[in-house]
Amino acid sequence: MPARLSLLLVLLVAAGCPEDQRVCAGADAHADPLRSDASAATPPDAGGEPGLDAGSADASPPELGDAATSAPADAASSAPIPLRYLSANLGNASFQFGCWEYKLCRPQDVQHLREYIALWRPDVVLLSEVYRADQLEGLANGGPILPEGWRGVCGKSLDRETGQPAAFDAPGASHEHECVAWKTSRVALVPGSAESAYGRNDAKGKTDCSYDFTGFRARLEVDGRAELTAVVVHPDSQNAECRVEEIGRYWSRLATGRNVVVAGDWNTESYDEIAKPAAYLTNYSKGEHWNLAKHEGEYSASYAAGLLQKQLDHAFSSSGEPCVDCGGFFHTFDLHFGSVLGGYDGHPRADEGEGIDHRQVLVDLWLTP
């Protein structure tokens, strides 16, 4: 852990912090924590053992740093690893924009999102409500969503009754809406780690709950030195009982491992529905950033031309520390920890105010190797 962060944490613990937050607000709650004079971590060298992407047979494998195979057991190999992840919900059905099932249906909306990822330079992106997996890297339905140098994998479309593979838009099936993507220069997929949790499917579930609401996880290697479990969630939006049961399975089945991030559109009517385990840290929730800065009236989703505003998007991590020295590493605009982007604080929107009904959550962490 950087010395300045260690000292800060000691002082803050003495002053008293909420147990699920690691940084308390100072005299200026809106002061930017990513200082321009902060010392930057050194990006990993290219080379070493390649990772494998099980999502595509003809994938060019990403390259990991030399630490993947030959890092010495010294201070460098045990140093914290900077990680930036972006959580983005892409939208709902929209008659306004002439869309099909989900809103990301116009080429300009896909282009704006691709540019947005390139602008903020996250290492990992958690995507909710993608129309189909072929949009990520291919040209289907206005794709690709991902910039050059990115790979991604999505949940599978399965028939509710048989559990067998189904077409991406088949009725009575889950679809490929939740996806995890990563920047190949730093991150690689752990083969065979992708897994989904679907809507409740017992007798009551088939009567009351939609099957086409899913959570999805993929395990990733970061710089060849740390494993990260990335979980993107999107539980039932209509029935709270279905939603709570589904969220419980996200925590128990998907959110496993040493370093876990869990984020997405939780469709919550009450924060209590999330039932966050006590060990998890709040990266962003209910307008609160890592430094507890609150923006009055902050919301994460907007409907009916802004008349209906909700706090549906939340982000949590099982480990890590707020990354106060990441500005020099990522070389992007100044940020608050856990910033909700688009339309606030001078941050550009991915969609120029159209096409995407959720704002995006961006979080900087130090990961433990």
Side-chain angles (χ1 to χ4, degrees), residues 18 20-21 87-95 101-103 126-130 155 160 174-175 177-178 196-217 231-255 261-278 280-289 292 294-317 338-344 356-361 363:
D20 70 340
Q21 296 279 358
S87 174
N89 180 289
L90 306 186
N92 293 304
S94 174
F95 296 108
E101 183 178 2
Y102 284 104
K103 190 181 289 185
L126 310 180
L127 296 168
S128 301
E129 299 187 48
V130 172
R160 181 171 200 165
S174 69
H175 296 153
H177 299 318
E178 277 60 67
S196 291
Y198 304 95
R200 184 171 177 175
N201 206 31
D202 57 8
K204 179 176 176 57
K206 290 179 179 179
T207 299
D208 298 336
C209 308
S210 173
Y211 190 60
D212 191 25
F213 283 96
T214 64
F216 178 69
R217 76 105 185 269
V231 184
V232 54
V233 304
H234 187 231
D236 199 300
S237 63
Q238 304 300 320
N239 187 305
E241 185 177 355
C242 299
R243 181 165 56 248
V244 168
E245 187 276 339
E246 192 173 345
I247 289 173
R249 287 187 284 114
Y250 295 165
W251 290 118
S252 63
R253 287 186 50 188
L254 303 181
V261 294
V262 186
D265 171 11
W266 297 74
N267 281 317
T268 44
E269 296 174 6
S270 165
Y271 181 77
D272 293 339
E273 294 173 356
I274 296 176
K276 177 184 73 68
Y280 273 75
L281 310 173
T282 299
N283 296 174
Y284 173 84
S285 185
K286 300 179 294 184
E288 298 179 9
H289 296 178
L292 300 189
K294 296 183 180 180
H295 298 265
E296 184 177 354
E298 182 171 271
Y299 60 91
S300 64
S302 177
Y303 306 97
L307 298 178
L308 184 62
Q309 299 175 355
K310 290 183 174 290
Q311 295 173 326
L312 301 178
D313 298 86
H314 312 273
F316 310 100
S317 63
S339 290
V340 176
L341 304 173
Y344 278 73
I356 300 175
D357 58 2
H358 284 246
R359 296 163 67 204
Q360 296 79 49
V361 176
V363 177

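Along the sequence shown, the residues carry numbers beginning at 1. Remember, predicted model here, so these are calculated numbers, not experimental data.
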Does any non-hydrogen side-chain atom of Val232 lie less than 4.5 Å from one of Leu127?
no
Less than 4.5 Å apart, side chain to side chain, heavy atoms only: is that true for Val262 and Tyr280?
yes
Taking salt bridge (charged side-chain N to carboxylate O under 4.0 Å, His left out) as the test, write out the residues that go with Arg217, two or more places apart.
Glu195
Least distance between heavy atoms, Gly338 atom then Val363 atom:
CA-CG2, 3.8 Å
Between Asp265 and Glu129, what is the shortest heavy-atom contact and its length?
OD2-OE2, 3.6 Å
In short, Ile274 meets Trp251 closest at the heavy-atom pair O-NE1, 2.9 Å
Closest contact, heavy atoms only, Gly205 versus Arg160
O-NH2, 2.9 Å
Look only at the side chain of Ser270 and the backbone of Asp272, and say whether a donor-acceptor pair between them is shorter than 3.5 Å.
yes
Student check: side-chain heavy atoms of Tyr271 and His314 closer than 4.5 Å
yes
For a quick check under 3.5 Å, do Glu178 and Thr214 share a side-chain donor-acceptor pair by atom type?
yes
Separation of Asn267 CG from Ile247 CD1 (nearest 0.5 Å):
8.5 Å
Taking atom CG of Asp313 and atom CZ of Arg359, what is their separation to the nearest 0.5 Å?
9.5 Å
Do Thr282 and Phe316 touch side chain to side chain, with heavy atoms closer than 4.5 Å?
yes
Scanning both residues in full, the closest heavy-atom pair of Arg243 with Thr268 reads NE-CA, 4.2 Å
In Å and rounded to the nearest 0.5 Å, what is the CZ to OH distance from Phe216 to Tyr198?
8.5 Å
Rounded to the nearest 0.5 Å, what's the gap from CD on Gln238 to SG on Cys209? Could you check?
11.5 Å
Smallest separation among heavy atoms of Ala88 and Gln360, with atom names
CB-CG, 3.6 Å
To the closest 0.5 Å, what do you measure between CD (Glu288) and CD (Glu298)?
10.0 Å
Side-chain touch Cys242/Asp208, heavy atoms, less than 4.5 angstrom
yes
Look up atom NE2 in His177 and atom CZ in Phe213, then write down how far apart they are to the nearest 0.5 Å.
8.5 Å
